[in-house]
Amino acid sequence: MLTVKNLNTHYGNIHALKGVDLEVRQGEIVTLIGSNGAGKSTTLSTVTGLLKPTRGEITFNGVSIAGKPPSEIVRMGISLSPEGREVFPALTVEENLSLGAFTRKDKAAVKRSYDRVYDLFPRLSERKKQTAGTLSGGEQQMLAIGRSLMAEPQLLMLDEPSLGLAPKLVMMIFDLIVSINKQGTTILLVEQNANMALSIAHRGYVLETGKVILTDDAKALATNEAVRRAYLGQV
Ligand code: ATP
């Protein structure tokens with residue numbers, strides 16, 4: 001579904017991605033793990049068109065998308081739930097969700113997406129008219145994921161969905177990611193919480209200083225000694 005080859009991205013003089021190769025197949029949950037500054041968020045931002053690659057290829061369902069504008073990439077079926085939630089605090093839950101559907105014209109289909117999101121996140125359904133700034137951290141995270149689902153993406157990319165959440169909520173968010181995947185949405189998940197990410201993913205990539213240093217089935221990565229030492233906090 002998504003193929004990334006030799007992806008290079010710069011921030012001015014900073015060479016953040018130095019030839020990233022990865023693949024996400026239809027139906028999978030794929031996780032990108034790595035330390036702070038490894039290039040995980042930069043990879044997602046480049047795939048969604050927020051950053052332009054300086055070299056390399058990105059194809060989605062066989063079509064080249066590298067350098068296309070973000071709105072066109074959303075329309076083609078890729079949606080990003082960004083790190084740090086980034087909901088609009090002064091807008092209500094419903095208004096925030098409606099922004100996720102801005103590229104869509106079929107009102108009946110958009111209505112089905114609201115139903116899907118409210119079904120997945122009953123807490124949002126109970127708070128439709130509440131302003132997003134007054135939601136708890138976990139609820140804001142649900143809203144950010146819900147908003148990206150409003151684009152009905154084929155590929156949902158999640159950047160650090162567990163960041164700053166209490167363990168109970170982390171479990172809940174990860175269960176929801178599995179449910180969303182079972183409904184047919186392919187997932188690319190960026191996480192600091194490598195333990196949790198590998199527990200729900202099919203495959204994973206380990207990123208270090210802008211390069212993929214290892215890729216394998218999630219189970220194999222979770223038991224790989226070097227990965228355990230570096231990213232799972234275990235010896
Ligand atoms: P984290 O988990 O800390 O977000 P990450 O793996 O997502 O880490 P990136 O945010 O992709 O890492 O950062 C990759 C590299 O690019 C880092 O060296 C970072 O300092 C640099 N970088 C990221 N954003 C910018 C920016 N806006 N301007 C300059 N350099 C940046």
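Atoms within a ligand are numbered from 1 in the order they appear, just like the ligands themselves. These numbers were taken from a predicted model, which means no experiment stands behind them.
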Between the side chains of [X] and [Y], is a donor N or O closer than 3.5 angstrom to an acceptor N or O?
| X | Y | result |
| --- | --- | --- |
| Arg147 | Ser79 | no |
| Asn8 | Thr54 | no |
| Glu28 | Asn181 | no |
| Thr59 | Ser64 | no |
| Glu191 | Ser162 | yes |

Short list, please: which atoms of ligand 1 are under 4.0 Å from a heavy atom of [X]?
| X | value |
| --- | --- |
| Ser35 | 6 (O) |
| Gln192 | 2 (O) |
| Glu160 | 2 (O) |
| Ala16 | 15 (C), 16 (O) |

Does the distance from a Lys or Arg side-chain N to an Asp or Glu carboxylate O, for Glu152 and Arg112, drop under 4.0 Å?
-> no

Under a heavy-atom criterion of less than 4.0 Å, does Gly34 contact ligand 1?
->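 No.
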
Could you check Glu72 against Arg75 for salt bridge (Lys or Arg N to Asp or Glu O under 4.0 Å), going step by step and ending with a plain yes or no?
-> CA-CA 5 Å; Glu72 197 173 329; Arg75 229 173 277 125; 5.8 Å; no

Check: Ala38 N/O within less than 3.5 Å of ligand 1 N/O | yes

Return a yes/no value for Thr43: is any of its N or O atoms, backbone included, closer than 3.5 angstrom to an N or O of ligand 1?
-> no

Which residue and heavy atom of the protein sit nearest [atom], plus the separation:
| atom | value |
| --- | --- |
| atom 10 (O) of ligand 1 | Ser41 CB, 3.8 Å |
| atom 11 (O) of ligand 1 | Thr42 OG1, 2.4 Å |
| atom 19 (C) of ligand 1 | Gly37 CA, 4.8 Å |
| atom 22 (N) of ligand 1 | Tyr11 CE1, 3.3 Å |

Atom 30 (N) of ligand 1 touched by protein (heavy atom, under 4.0 Å) = yes

Protein heavy atom under 4.0 Å of atom 25 (C) of ligand 1 |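 So atom 25 (C) of ligand 1 has protein heavy-atom neighbours under 4.0 Å.
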
Extract all donor-acceptor atom pairs below 3.5 Å that involve side chains of residues 117-124 and protein atoms in other chains or at least two apart in sequence.
{"unit_1": "Tyr118", "atom_1": "OH", "unit_2": "Glu94", "atom_2": "OE2", "d": "2.8"}
{"unit_1": "Arg123", "atom_1": "NH1", "unit_2": "Glu139", "atom_2": "OE2", "d": "3.3"}

Heavy-atom neighbours of Gln26 CD exceed 12 at 6.0 Å |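 Result for CD/Gln26: open.
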
With Glu23, which residues qualify under salt bridge (Lys or Arg N to Asp or Glu O under 4.0 Å), at least two apart?
-> none

What part of Ser45, side chain, backbone, both or neither, has a heavy atom within less than 4.0 angstrom of ligand 1?
-> neither

Relative to ligand 1, is Asn36 under 4.0 angstrom through side chain, backbone, both or neither, heavy atoms considered?
-> both

